[in-house]
*Asks:* 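Supplied in structure tokens, the structure appears directly below.
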Protein chains: 2
Amino acid sequence: MSQHSGSEAEADKATGPKTERGRRTLRKLLDAAGEEFGARGYHETAISNITGRAGVGLGTFYVYFKSKEEVFRALVADMGARTRHALSESTKGAQDRLEAERLGIQAYLDFVRTHQALYRVVMEAQFVAPEAYRDYYRTFAAAYRQQLAHAADRGEISPGQDDEVRVWALMGASSFLGIRYGVWDVETDSATIAAAASDLMINGLAPRPKKNGDAS
Amino acid sequence: MSQHSGSEAEADKATGPKTERGRRTLRKLLDAAGEEFGARGYHETAISNITGRAGVGLGTFYVYFKSKEEVFRALVADMGARTRHALSESTKGAQDRLEAERLGIQAYLDFVRTHQALYRVVMEAQFVAPEAYRDYYRTFAAAYRQQLAHAADRGEISPGQDDEVRVWALMGASSFLGIRYGVWDVETDSATIAAAASDLMINGLAPRPKKNGDAS
DNA sequence: TTGAAACATGAGTCAACATTCAGGTTCCGA
DNA sequence: TCGGAACCTGAATGTTGACTCATGTTTCAA
């Protein structure tokens, strides 16, 4: 809900609010919208809920946004940027891609847990703003593919048969774990989950020989 | 949209339609609802769209369903049953769990492709009928866990650290591949995708030694 | 000090449904 | 052939909520 380079979805052409007061109001609306949409869902949320929470008049909403859908899209885009940022940060200390996978999964779970409401917005975007949703995952997938390609070059992971497929499978795994353990069940320790999940993603289901060559 | 043992969500207590005519009308409504919801989404679909497509009067809808949400839930439950059925069928010929995984992924993709509309209903259930959605995946997860447990006993797969986590990761992977290759891109050959995906699920990302022990 | 740009407001407009209901029509056993 | 059960119908009702607009208020540069 903050640093956008400039080109935006605000009703106000490309410039956005001109005064400090305006920027504050916009921020309040964006935050309120995120909380309301996250808590009640898009269709259950009325503009008046948003303006009520933001503490501004109903009409004020339309000073900043052309429509209900527009805030929603802005929110999705914002979440995408934030999630990518959180993930790339979490991954910085990794020795190799395999470790990065584990760190990434855990960071993702933690991120979802601390942003449950906004995460819901992203998922609902699939139906409210399909374009925004696709962009969200496509952008993600593109960056992820790069990572895998580099890692494969370095021999840190197997080349694989199709990186696009791998990336979507991996995103799907994390996404579902995000629902199951980030939204439905927030108790289980995220490091444990990430360990189990990354073990699967790294080593697969296939049976593994015992460490010390066991005869028979 | 058909064989339910009896206990149902129809407005008519538990018994359902008493005559052949009634059963036909119910079927028509259910089919029409599936198509409309699938094509336009829950909120964009009006009851009159459904009855229009079904070729019955508006009021007739309420002879069979208590509300809009009720048809929707019925549809989700129906999809769950059908999907489980399709998957367990596809898996029957498998030699072991690893092969079953590949067959399952492919069957799932094919299923989504041939039931795009209804698949969308399942995903939207997350917001329209969260209970139905959770049931859908929980039922799925329970059955899947059993499969994995048996397979681990037989030594066909590694024991793993946590089957609940594995199962959700695997479901997530398939689900995303279902969106990516079952809904958004229906061109790519499903067997190829399933092969690449199951390779990842079975062997993981980790680099694999060359077949013939290459002395570095 | 002033006027115009920027911002704020909430009552009112309007269209879109979900659901109801009062009154048919069809089917079928007796 | 009759009566009632099952089924069908679509006009009318009532609510909800996005969006508009005419009218303020605030800010700030000149």
Side-chain angles (χ1 to χ4, degrees), chain A residues 6 8-33 36-37 39-75 124 127-129, chain B residues 6 8-33 36-37 39-75 124 127-129:
Chain A
E8 264 325 302
E10 282 93 55
D12 216 279
K13 288 284 133 68
T15 18
K18 300 274 192 297
T19 72
E20 181 52 30
R21 178 164 69 133
R23 278 185 290 274
R24 259 201 317 276
T25 303
L26 173 58
R27 181 87 43 95
K28 281 192 292 183
L29 280 171
L30 240 8
D31 288 343
E36 289 293 318
F37 282 145
R40 327 152 73 112
Y42 182 80
H43 294 282
E44 299 310 307
T45 299
I47 303 296
S48 62
N49 295 145
I50 296 174
T51 55
R53 181 185 284 255
V56 303
L58 171 55
T60 304
F61 178 89
Y62 292 93
V63 172
Y64 294 91
F65 301 99
K66 268 201 292 290
S67 67
K68 187 180 178 183
E69 244 190 78
E70 195 182 89
V71 223
F72 195 82
R73 268 185 257 121
L75 248 21
E124 195 166 14
F127 304 99
V128 174
Chain B
E8 264 324 304
E10 282 94 54
D12 216 279
K13 287 285 134 62
T15 18
K18 299 274 190 296
T19 71
E20 181 51 31
R21 176 163 70 133
R23 277 186 291 274
R24 259 202 316 277
T25 303
L26 174 57
R27 181 85 42 95
K28 281 192 293 183
L29 280 170
L30 241 7
D31 287 343
E36 289 293 318
F37 282 144
R40 328 152 73 110
Y42 182 80
H43 294 282
E44 301 310 308
T45 299
I47 303 297
S48 61
N49 295 144
I50 296 174
T51 54
R53 180 185 284 255
V56 303
L58 172 54
T60 304
F61 178 89
Y62 291 92
V63 171
Y64 293 92
F65 302 100
K66 268 202 290 292
S67 68
K68 188 180 178 182
E69 243 190 79
E70 196 182 89
V71 224
F72 194 83
R73 273 192 302 259
L75 248 21
E124 194 166 15
F127 305 98
V128 173

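Within every chain, numbering begins at 1; the chains are lettered A, B, ... in the order of the sequence lines, protein sequences first and strands thereafter.
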*Asks:* Could you report the tightest heavy-atom contact between Y64(B) and G22(B), atom names first, then the distance?
*Replies:* OH-CA, 3.3 Å
*Asks:* Go through it in stages, so that I can follow the logic: the residues are L29(B) and V56(B), the test is side chain to side chain contact (heavy atoms under 4.5 Å, CB included), and I'd like the CA-CA distance, side-chain angles, deciding distance and then a yes or no.
*Replies:* CA-CA 8 Å; L29(B) 280 170; V56(B) 303; 3.9 Å; yes
*Asks:* Should the pair F72(B) and F37(B) be assigned to parallel (<30°), tilted (30 to 60°) or perpendicular (>60°) ring geometry?
*Replies:* perpendicular
*Asks:* Which dot-bracket notation, 5' to 3', represents the base pairing of DNA chain D when pairs are defined as Watson-Crick or G-U with both distances under 3.5 Å, crossing pairs as [ ], and inter-strand pairs as |?
*Replies:* ||||||||||||||||||||||||||||||
*Asks:* Could you give the CZ-to-P distance, from R27(B) to dC7(D), as a whole number of Å?
*Replies:* 15 Å
*Asks:* Got a sec? Which of residues 50-57 of chain B come in under 4.0 Å of DNA chain D, heavy atoms?
*Replies:* V56(B), G57(B)
*Asks:* Strictly under 4.0 angstrom, non-hydrogen atoms only: write out the protein contact profile of nucleotides 22-30 of chain C, one letter per nucleotide from the 5' end, B, S or -.
*Replies:* ----S----
*Asks:* Mind calculating the distance between CD (E20(A)) and P (dA5(C)) to the nearest angstrom?
*Replies:* 22 Å
*Asks:* Output yes when at least one side-chain N/O atom of T25(B) is less than 4.0 Å from OP1 or OP2 of dC8(D), else no.
*Replies:* yes
*Asks:* Can you name the nearest heavy-atom pair linking S67(A) to Y62(A), along with the distance?
*Replies:* CA-CE2, 4.4 Å
*Asks:* Just how far is it from atom CZ of F65(B) to atom CG of L30(B), taken to the nearest 0.5 Å?
*Replies:* 4.5 Å
*Asks:* List for me each residue that meets side chain to side chain donor-acceptor pair (under 3.5 Å) alongside E44(B), sequence neighbours excluded, and say none if there are none.
*Replies:* none
*Asks:* Could you state the CG-P distance from N49(B) to dA16(C), rounded to the nearest angstrom?
*Replies:* 12 Å
*Asks:* What's touching nucleotides 16-24 of chain D from the protein side, N or O pairs under 3.5 Å?
*Replies:*
| from | atom 1 | to | atom 2 | distance (Å) |
| --- | --- | --- | --- | --- |
| dA18(D) | OP1 | T45(A) | O | 3.2 |
| dA18(D) | OP1 | K68(A) | NZ | 2.9 |
| dA18(D) | OP2 | I47(A) | N | 2.8 |
| dC19(D) | OP2 | Y62(A) | OH | 3.3 |
| dC19(D) | OP2 | K68(A) | N | 3.0 |

*Asks:* Step by step, work out the side chain to side chain contact (heavy atoms under 4.5 Å, CB included) result for I50(B) and T45(B).
*Replies:* CA-CA 8 Å; I50(B) 296 174; T45(B) 299; 3.9 Å; yes
*Asks:* Determine, step by step, whether E20(B) and R23(B) satisfy the salt bridge (charged side-chain N to carboxylate O under 4.0 Å, His left out) criterion, reporting the C-alpha distance in whole Å, the side-chain angles of both residues, the deciding distance to 0.1 Å, and the verdict.
*Replies:* CA-CA 5 Å; E20(B) 181 51 31; R23(B) 277 186 291 274; 3.5 Å; yes
*Asks:* Please check if the side chain of E124(B) supplies one atom and the backbone of F127(A) the other of a donor-acceptor pair under 3.5 Å.
*Replies:* no
*Asks:* Indicate yes or no for a side-chain donor-acceptor contact from D31(B) to the backbone of K28(B) under 3.5 Å, with no hydrogens or angles considered.
*Replies:* no
*Asks:* Among residues at least two apart in sequence or on other chains, which ones pass side chain to side chain donor-acceptor pair (under 3.5 Å) with R53(A)?
*Replies:* E35(A), E36(A)
*Asks:* Working to the nearest 0.5 angstrom, can you tell me the gap between L58(A) CG and T51(A) OG1?
*Replies:* 5.0 Å
*Asks:* State which of dA6(C), dA8(C), dT9(D) makes the closest approach to the side chain of V63(B).
*Replies:* dT9(D)
*Asks:* How long is the span from the CD1 atom in I47(B) to the CZ atom in F61(B), to the nearest 0.5 Å?
*Replies:* 4.0 Å
